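Values in this document were obtained by computation on a predicted structure and should not be read as measured data. The analysis underlying the following values was restricted to heavy atoms, covering all of them including side chains, and did not include hydrogens, waters or symmetry mates. Below, chains carry the letters A, B, ... as their sequence lines are ordered, and counting in each starts from 1.
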2 protein chains.
Amino acid sequence: MSITIKDVARKTGVSIATVSRIVNNQSGYSEQTRKKVIMAIEDLGYSPNALARGLVGQATRTVGVLLPNVSSLFAGKLLEGIEAAAQSEGYSIVVCNTGSEGERTDDYLTILKQKRVEGILYASGDFPKDLGEKIDGLGLPVVTVATRSHEETIPYVKVDDQTAAFDGTSCLIEKGHRSIAFLGGGLSDPVAGKPRFDGYLDALKAHGIPRQDSLVRFGDFRFESGKRETGRLLDEGAAFTALFASSDEMAVGALHAARERGVRVPEELSVLGYDNTLAAEMALPPLTTVEQPLHAMGEQAFRTLINGGGSLTAKHAIIERQTVRQIEEE
Amino acid sequence: MSITIKDVARKTGVSIATVSRIVNNQSGYSEQTRKKVIMAIEDLGYSPNALARGLVGQATRTVGVLLPNVSSLFAGKLLEGIEAAAQSEGYSIVVCNTGSEGERTDDYLTILKQKRVEGILYASGDFPKDLGEKIDGLGLPVVTVATRSHEETIPYVKVDDQTAAFDGTSCLIEKGHRSIAFLGGGLSDPVAGKPRFDGYLDALKAHGIPRQDSLVRFGDFRFESGKRETGRLLDEGAAFTALFASSDEMAVGALHAARERGVRVPEELSVLGYDNTLAAEMALPPLTTVEQPLHAMGEQAFRTLINGGGSLTAKHAIIERQTVRQIEEE
DNA sequence: CTCGTTTACGTAAACGTTTACGTTCTCTAC
DNA sequence: GTAGAGAACGTAAACGTTTACGTAAACGAG
């Protein structure tokens with residue numbers, strides 16, 4: 001069928017061992033035979049079979065990436081970073097869309113194991129309790145990106161969400177806002193949900209502002225839920241001058257809800273996003289947001305997966321654009 | 001090291017052939033031994049080695065996907081569709097970010113060949129001439145998505161861009177617009193660039209509107225270029241009441257440029273996008289756009305790759321939202 | 001000249017499967 | 001009672017590599 005190392009060996013009159021050595025840049029052959037073999041390889045169009053290689057040495061040069069939703073800008077950025085690092089190390093990545101609830105995680109885990117990937121990058125929002133054991137069972141290195149497991153054993157690469165949310169909320173407060181609504185991703189999500197809410201609460205407390213539970217709403221990080229929840233808040237006539245959203249998509253949803261009701265941003269309502277994806281940049285007006293350096297986090301995560309190493313906390317930042325304004329003291 | 005079929009065979013006292021038959025649901029064993037073997041497999045945590053499997057039978061159940069820019073919403077949607085179809089057929093996909101100019105295409109092609117993928121999905125914008133030969137050299141099935149090759153030999157799944165652009169432009173004309181600017185992706189791009197421009201021109205001609213070359217600009221489909229080119233158009237004082245953009249991102253860029261200059265959309269300027277990605281939905285105001293059914297196209301492309309079959313033309317549609325308005329007859 | 005070392009190879013055993021081909025046994029039909 | 005067929009296995013070759021080990025020749029030192 002296809003051309004094997006044997007064909008090359010036969011054509012050049014050397015043994016397959018020698019061809020293998022040449023292909024792998026090892027030593028033990030003369031320059032003369034090297035040339036002969038290289039030529040034969042070109043001639044025949046020989047391409048080493050990675051399956052056979054992987055079978056004997058155990059380097060498949062492949063890692064699996066689990067994502068809840070490949071089509072989001074969030075996942076895109078992360079994937080881009082991961083891919084870049086992988087490419088530079090000669091790895092390829094297989095992407096697994098686990099579904100928003102992680103329905104297909106188990107299926108993919110067994111497939112990845114069968115394909116003998118060298119490691120797994122987990123960026124699938126929530127990290128369910130039982131998943132830890134399953135993953136341990138695989139005997140594969142794992143690192144989580146932009147999320148973390150309950151156990152301490154699995155390295156993560158992420159922002160300090162609580163502090164980031166604290167900083168974001170504080171920024172709002174420092175601009176004079178006192179009534180700040182919160183749009184979260186569900187408290188059941190212990191990594192992107194709870195910590196951001198806690199950070200928000202911390203900031204209120206630190207500035208002596210009483211929390212108002214009527215101003216907090218939860219969605220699923222997506223555009224639609226942001227629009228819906230902000231709409232409800234507005235329709236209920238809740239009084240707030242600023243809104244902290246747990247994702248850019250939700251923040252843009254908030255922008256839509258505000259516009260539909262004639263509420264002007266930032267004049268009447270300040271909106272702060274989270275992530276700094278392209279959505280923030282493309283929003284109208286451009287969204288002030290808490291940045292997660294997703295591309296860099298993806299790269300880092302890949303590197304720690306391959307080279308080993310512990311958890312890393314990426315630096316967040318506040319990107320000021322045009323959706324937050326200073327409120328005059330009264 | 002890891003647990004092999006031999007371990008299972010030893011533990012149950014049968015031969016590896018029998019274990020293999022059971023694992024693969026073939027016939028030739030008693031129910032009794034089946035149970036024994038299944039139990040042993042569970043006990044030991046045996047997981048068949050896909051590399052070895054792939055080596056003997058040649059089914060790797062893997063396909064490669066080449067994309068110019070994984071992080072875009074466009075790629076995301078496509079990828080989502082591809083992934084969904086792949087998953088349902090038990091395939092996994094390795095994604096390859098070829099870079100916006102396709103710089104890394106060659107590298108990836110050789111890697112994919114070595115890994116013995118069963119086929120390649122090409123969604124990398126332009127399809128350079130020499131690529132056809134290279135791909136033929138691989139001896140792998142290929143299908144292009146949302147793009148096509150020069151030769152007729154490679155099946156594609158795409159929208160009829162010329163007709164879609166014709167329809168989009170016609171829609172603008174039917175709403176009373178006579179001065180319509182065009183934002184393209186470069187005429188050198190023979191698939192997404194030229195045909196859309198031709199469709200635009202066709203529509204003008206069909207309605208007896210003279211073309212005005214001062215109203216056509218080219219970018220690279222991305223947000224920034226849309227913003228930049230529209231800005232220039234506006235700054236030059238060009239007179240136009242509508243703008244046809246070759247991508248949603250560019251259209252959103254146009255929205256930004258307009259807003260910065262106090263030009264109101266759609267009151268003073270109508271804007272039409274292309275793709276119908278989430279960007280169109282999230283834009284403010286929500287973008288009227290020419291839809292490409294990217295998710296479905298991804299699925300279809302995967303299916304024709306695996307099952308064989310010829311080129312497919314997906315149906316486009318005009319999605320009316322809020323950026324195009326009717327102009328009153330004067 | 002001889003001995004030891006290095007260079008340049010070749011041989012063959014693994015790696016973990018699938019599968020063609022045998023073999024044994026049981027059962028049915030006559 | 002026997003031939004024949006089918007069920008239930010086992011044996012071993014193949015898939016395409018890498019690599020430990022062996023070996024012959026060349027070479028340098030003494």
> Once you round it to whole Å, what is the distance between C1' of C:dC15 and CG of B:Leu51?
10 Å
> Heavy atoms only, 4.0 Å cut-off, all strands: where does B:Ser30 land among base, sugar-phosphate and nothing?
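Sugar-phosphate, no base atom in range.
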> Rounding to an integer number of Å, can you tell me how far B:Arg116 CZ sits from D:dG16 P?
8 Å
> Please report the distance, rounded to the nearest Å, between CD in A:Gln32 and C1' in C:dT7.
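Atom CD in A:Gln32 sits about 14 Å away from atom C1' in C:dT7.
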> Are any of the side-chain nitrogens in A:Lys134 or A:Asp130 under 4.0 Å away from the carboxylate oxygens of its partner?
yes
> If you only use heavy atoms from C-beta on, which nucleotide in D:dG16, C:dT17, D:dT18 is closest to the side chain of A:Arg53?
D:dT18
> So, does A:Ser15 get its side chain near the phosphate of C:dG10, meaning an N or O under 4.0 Å from OP1 or OP2?
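For C:dG10, OP1/OP2 do have a side-chain N/O of A:Ser15 under 4.0 Å.
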> Rounded to whole angstrom units, what separation is found between the OH atom of A:Tyr46 and the C1' atom of D:dG16?
7 Å
> Using modelled atom types only, decide if a donor and an acceptor are shared between the side chain of A:Gln300 and the backbone of A:Val157 within a distance under 3.5 Å.
no
> Which is it for B:Asn49 and A:Arg116 under the side chain to side chain contact (heavy atoms under 4.5 Å, CB included) test, yes or no, and what are the steps along the way?
CA-CA 7 Å; B:Asn49 185 323; A:Arg116 297 302 191 261; 3.7 Å; yes
> Of all the nucleotides listed (D:dC9, D:dT17, C:dT19), which has the minimum atom distance to the side chain of A:Val56?
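Nearest listed nucleotide: D:dT17.
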> Within the pair A:Thr18 and C:dG10, is there a side-chain N or O less than 4.0 Å away from OP1 or OP2?
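Indeed, a polar side-chain atom of A:Thr18 lies that close.
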> Nearest whole Å is fine: how far is C:dA12 P from A:Arg21 CZ?
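So the two atoms are 15 Å apart, to the nearest Å.
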> Tell me: OH of A:Tyr29 to C1' of C:dC9, nearest whole Å?
13 Å
> Using the side-chain heavy atoms of B:Ala17, tell me which of these nucleotides is nearest: D:dG10, C:dG10, C:dT18.
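Of the options given, the side chain of B:Ala17 lies nearest D:dG10.
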> Want to settle it: does B:Arg34 or A:Ser20 sit nearer the 5' end of DNA chain D, counting the closest nucleotide to each?
B:Arg34
> Can you check whether A:Asn24 has a side-chain N or O nearer than 4.0 Å to OP1 or OP2 of D:dT18?
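Looking at the OP1 and OP2 atoms of D:dT18, one of them is under 4.0 Å from a side-chain N or O of A:Asn24.
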> Mind checking B:Thr33 for me? I need base, sugar-phosphate or nothing, with any heavy atom below 4.0 Å counting as a touch.
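Sugar-phosphate contact only.
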> Rounded to whole Å, please give me the gap between NZ in B:Lys6 and P in C:dT18.
13 Å
> Specify the separation, in whole Å, of atom CD1 of A:Ile22 and atom P of C:dG10.
10 Å
> If only side-chain N and O atoms of A:Gln26 are considered, is one of them under 4.0 Å from the OP1 or OP2 phosphate oxygen of D:dT18?
no
> Count the heavy atoms of every other residue, nucleotide or ligand shown that sit under 6.0 Å from NZ of B:Lys6, and state whether that count exceeds 12.
no
> Which one, C:dT18, C:dA12, D:dG16, comes nearest to the side chain of B:Ile5?
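Among C:dT18, C:dA12, D:dG16, the one nearest the side chain of B:Ile5 is C:dT18.
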> Tell me if the centroids of the rings in B:Tyr156 and B:Tyr122 come within less than 6.0 Å of each other.
no
> What's A:Gly57 touching, base or sugar-phosphate or nothing? Going by heavy atoms closer than 4.0 Å.
nothing
